[in-house]
Structure formats: C-alpha cells, structure tokens
2 protein chains.
Amino acid sequence: MAQETNMQAAFENVMAASGNIPPKQKLVLAASLELFAEQGFANTTTKEIASRAGVAEGTVYKRYKTKDALLAAVLAPYVTEVVPAFVQDFAKQVVNQPYMTLHEMLTTVVTDRIAFIKGNRAVLQVLITEILVRSDLRKQLTPRVLPLLQKNLYAVLDRLKANAELVDWPNDRIAQFMIGTMITELARSIFTDEDLDQAGPVLLAFLEKGLAPK
Amino acid sequence: MAQETNMQAAFENVMAASGNIPPKQKLVLAASLELFAEQGFANTTTKEIASRAGVAEGTVYKRYKTKDALLAAVLAPYVTEVVPAFVQDFAKQVVNQPYMTLHEMLTTVVTDRIAFIKGNRAVLQVLITEILVRSDLRKQLTPRVLPLLQKNLYAVLDRLKANAELVDWPNDRIAQFMIGTMITELARSIFTDEDLDQAGPVLLAFLEKGLAPK
DNA sequence: ATATGTGGTGAGCATTCACTCACCTATTAA
DNA sequence: TTAATAGGTGAGTGAATGCTCACCACATAT
C-alpha cells in the first residue's frame, strides 16, 4: 500500500540523515532509546548506556555533550521529520481526493497509524512519557504539531462535515478522538505485549460509528 | 446525584484514613503530589519536597523511610481504596438494574469519571507516568484492577450485548474504548489547562454511537 | 616522515542527592 | 518530678552520577 511505502520512506530519511554518524554513535543512540523505553530517561545512567552500547562512557559524550542532548537526539528526528512527513503524507493521500468518504479516510488513518505504532513503540513510549513529565517539551511540541493538523487534517474534516458525512463537532474534538483511539491501542500493546495485527478493523469500526453524523 | 456523593465518600475515606497523620506529614504528602505531578517523581528532590512543605528534610523521612515509600504513600490510597471503591460504586448503580440501557450506563460512567478526573488530575497524571516508566508497577496494578473490571463492568456489558444494545466485541476491547476515551479527556486537560465542564455530552455521544450495535 | 583531525577510552572529578543521626521540644505516662 | 514517647530539625555523609580530560589509535593530508 502506498501509505506504508511513504511511511517507510520517512524512516529511511531519518536513517539516511544519520548516515554521517559513526557506527559506535549509532550504537549509543540505539542503546539510549532502548533503555529510555525500558526504564525511563531519568532512571537511566550514562554508564548503563555505554555498557549496553559496548563503548566507553567518554564515547557517549563525544558527540552529545549532555544527557539531555542525547534525549533530544533520539526524539528530535521523530518530532521534526517523521511526524511531519507522516502528516503531510496523509495529506497527499486524502486532501486532494474530494470524493473520499469518511470510511475511506479512516481506513487510511487507521492502517497508517497502526503500522506507525508497530514500528515505533519504543520512541512513542519515550515521547509520551517525557511529554507528561516535561512541560517545556509540551510547549515546544504543540506549535509544531498543531498547525500541521490544522492545515492537513482539519480541511478534510470540514469537507466531510459539509457533505454530512461526519458529525458536526469542533475539529479539535474529532482529532482528540481519532488520535486518542489510536493511542489506546499503543497503551494496550504496552500492557499486554500483544501484537497489533488484529486491531485494525475494530478501531476502524469504532471510530467510524462514533464519528458518523447523528 | 448519587454517584457523585458516593465518589466523594471514597475521597473522604482516604482523608479519614490519613486522620492519624500529623499535620506536617500531610503537608509533606501534599507537596510530594504537587511536585511529582509538576516535574515527575525522578526529577523531584527530597529537599524540594521539604522546602515546599515548609518542613525540615528530616521530617520527610520520619514517617516514610525512602523516597519510593513516599511515592507509594501518595499513590497507594488511590490504587487500593479510591479506584476499587469507584468501580464497586459503579457496580451498585449499574449491575443491579437489569433494565438499564446503554445510554443510561454510559451517562453514569461518563458523568462519574469526568468528576473523578476533575478531582484527581494530579494523582492520575503521576500514576499514568509511573505506570509507563515502571514495569513493576504495571505488573502490580494489573491483577488488582482487571478482576474488578471483570466482575463489575463485564457483567453489564454481557447483558447489554445479550439485549442487542451493545456492539458484539470482546469485553476488553469495549473497556479499552470506554476508559481510553475518558483518558483522552485527561490528556486534553493536561495540554490545554481548560476545564472539563463542557466535555460530558460529546464524550457520551461519541461512546454511545461508537459502541452501538451494527 | 610529519602533522592534523576524528573517533574512542576510562580513570577521575565535582556535585548532587537520598538518607542518617544526634539533638531539641512537647506531650503524655508513671 | 521524672521518664518515655513521638514529632521535628538540619548539618553531615557516603554513594552515585553526569561530565571532563589527558591520552591513544588510526586515517588522511602535507
């Protein structure tokens, strides 16, 4: 499917952007992400990171001057590249197709996002945790994500509402339910460690019914 | 409304149980909760707690021997008292009323939970954050909450399904959507700092439509 | 050959922080 | 009056941890 291909392209962009990074530094990044997801950022020591990456502690600090910079380096590509690419990708698929139905749109969103969650459980878990803990990160992220939603998603929602295909609620509420429902699936996978393959149709049906006009 | 009264009773139980606690220790608990919610558990020092509570650092350790014990003391009453009382309270209202419709049940749940979220934003934020970070807490909590849901909520769901009032999905999926949708409202309030007063009807409508039979 | 730069190392430093302890005060018990 | 107990204090401590730095290895340029 086209959306999956494009999403993978977003990943590969990140990987390509980290092409200049020497191999041991990649190990450091990978170990950081793993440990942050397992134990949380604050409960992870740089010594642990070094040991899991199989490098000396000095190596951890060679490129990333502080532990915070390391967290930023792990999350930044997702915030500045993957998520925007993801949203704009969605836009390309959906915005320019004026006859797309609610069902078709939700199918796209759900399919896409489930694949995304599957491929990024660890990063997403770290990101959500740190968003809850660090109010500065919250304030940094909001102006980056909100306009993207407004310019891409909201236009589609307005059109569907005009066609009486979508319930007449404020766009932020509808986005809340769409994104929130997807995140319940992430939460489920964190709790149960179960795979997400079966989830698609149910999530889709729940959203489609819940967001149908009255 | 009856459910709100009962829920307040649950709060008061906690407060009453902490009746033996000397006043300065209550200040310590209150300051801990505030700071944990603002900065996260790991980013909060015992010196900060002491200073916000207006006591000496030794006082913090008089009753609670470790910082972890302090976190437990803050969360425990909610895990062992408030949440179970809350669920069983729900049971009393709903389980024994065989003619209750989906609409009535969801009204109860949504009304109740919104009030609960409003009154417990801080604790819930700390609880969710720590659940994401500490896998041990996750494993400790699951066997305490799951049976409660199964014995109380699931019975009602089964009956509604039998009456063809509720969509025929597994109970855990339905619970996921119910709880998840409520949590999206908590997330919204964390992001926007907006009050939750207006949310009730929309959440209710979304759930009711989403969970209606096909 | 020499110099320069990049990536890597790990012992060690400075600081922070959870936690302790000897002491104080006040209330209750004997 | 004395003893005992409980709550409170804050300077002090040891361990942990983020971070540095002098040094090494190797490649490329001069």
Side-chain angles (χ1 to χ4, degrees), chain A residues 15-77 126 129-130 133-134 136-137, chain B residues 15-77 126 129-130 133-134 136-137:
Chain A
M15 290 306 152
S18 55
N20 295 331
I21 298 179
K24 293 215 174 183
Q25 299 293 342
K26 285 188 181 177
L27 290 176
V28 168
L29 286 179
S32 299
L33 176 57
E34 276 180 35
L35 287 165
F36 293 166
E38 285 170 22
Q39 316 176 339
F41 172 76
N43 302 319
T44 301
T45 69
T46 50
K47 189 170 281 184
E48 281 176 297
I49 293 172
S51 131
R52 173 150 330 176
V55 304
E57 205 176 344
T59 308
V60 174
Y61 283 91
K62 207 61 193 201
R63 176 170 286 249
Y64 308 106
K65 302 303 176 193
T66 67
K67 199 185 155 196
D68 275 301
L70 196 51
L71 176 66
V74 169
L75 294 184
V126 175
T129 308
E130 292 307 315
V133 167
R134 305 179 156 223
D136 57 322
L137 187 62
Chain B
M15 290 306 152
S18 55
N20 297 330
I21 298 178
K24 293 214 173 183
Q25 298 294 341
K26 285 189 181 177
L27 291 175
V28 168
L29 286 179
S32 299
L33 175 57
E34 276 180 35
L35 287 165
F36 292 165
E38 285 171 22
Q39 315 177 338
F41 172 76
N43 301 320
T44 302
T45 69
T46 50
K47 188 170 279 184
E48 280 176 299
I49 293 172
S51 132
R52 173 149 331 176
V55 303
E57 206 177 344
T59 308
V60 174
Y61 282 90
K62 213 44 190 215
R63 175 169 286 249
Y64 309 104
K65 301 303 175 191
T66 67
K67 199 185 156 195
D68 276 302
L70 196 51
L71 175 66
V74 169
L75 294 184
V126 175
T129 308
E130 293 306 315
V133 167
R134 306 178 156 223
D136 57 321
L137 186 63

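As a basis for the values below, the full set of heavy atoms in this structure was taken, side chains included, without hydrogen atoms, waters or symmetry mates. In what follows, chains carry the letters A, B, and so on, assigned in the order in which the sequence lines appear, proteins first and then strands, with residues in each chain numbered from 1.
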Donor-acceptor check, side chain of [X] to backbone of [Y], threshold 3.5 angstrom: yes or no?
X	Y	result
A:Ser32	A:Val28	yes
B:Lys24	B:Ala56	no
B:Lys47	B:Thr44	no
B:Gln25	B:Pro22	no

Find the distance B:Gln39:CD to C:dC17:P and express it as a whole number of Å.
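Spelled out: CD on B:Gln39 to P on C:dC17 is 11 Å.
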Grab the CD1-P distance between A:Ile49 and C:dG10 for me, whole Å please.
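Nearest whole value for this atom pair: 17 Å.
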Output, in order, the C-alpha distance, side-chain angles, deciding distance and verdict of side chain to side chain contact (heavy atoms under 4.5 Å, CB included) for B:Thr129 and B:Phe36.
CA-CA 10 Å; B:Thr129 308; B:Phe36 292 165; over 6 Å; no
B/S/- along nucleotides 3-22 of chain D (protein heavy atoms under 4.0 Å) is -----BBB------SSBB--
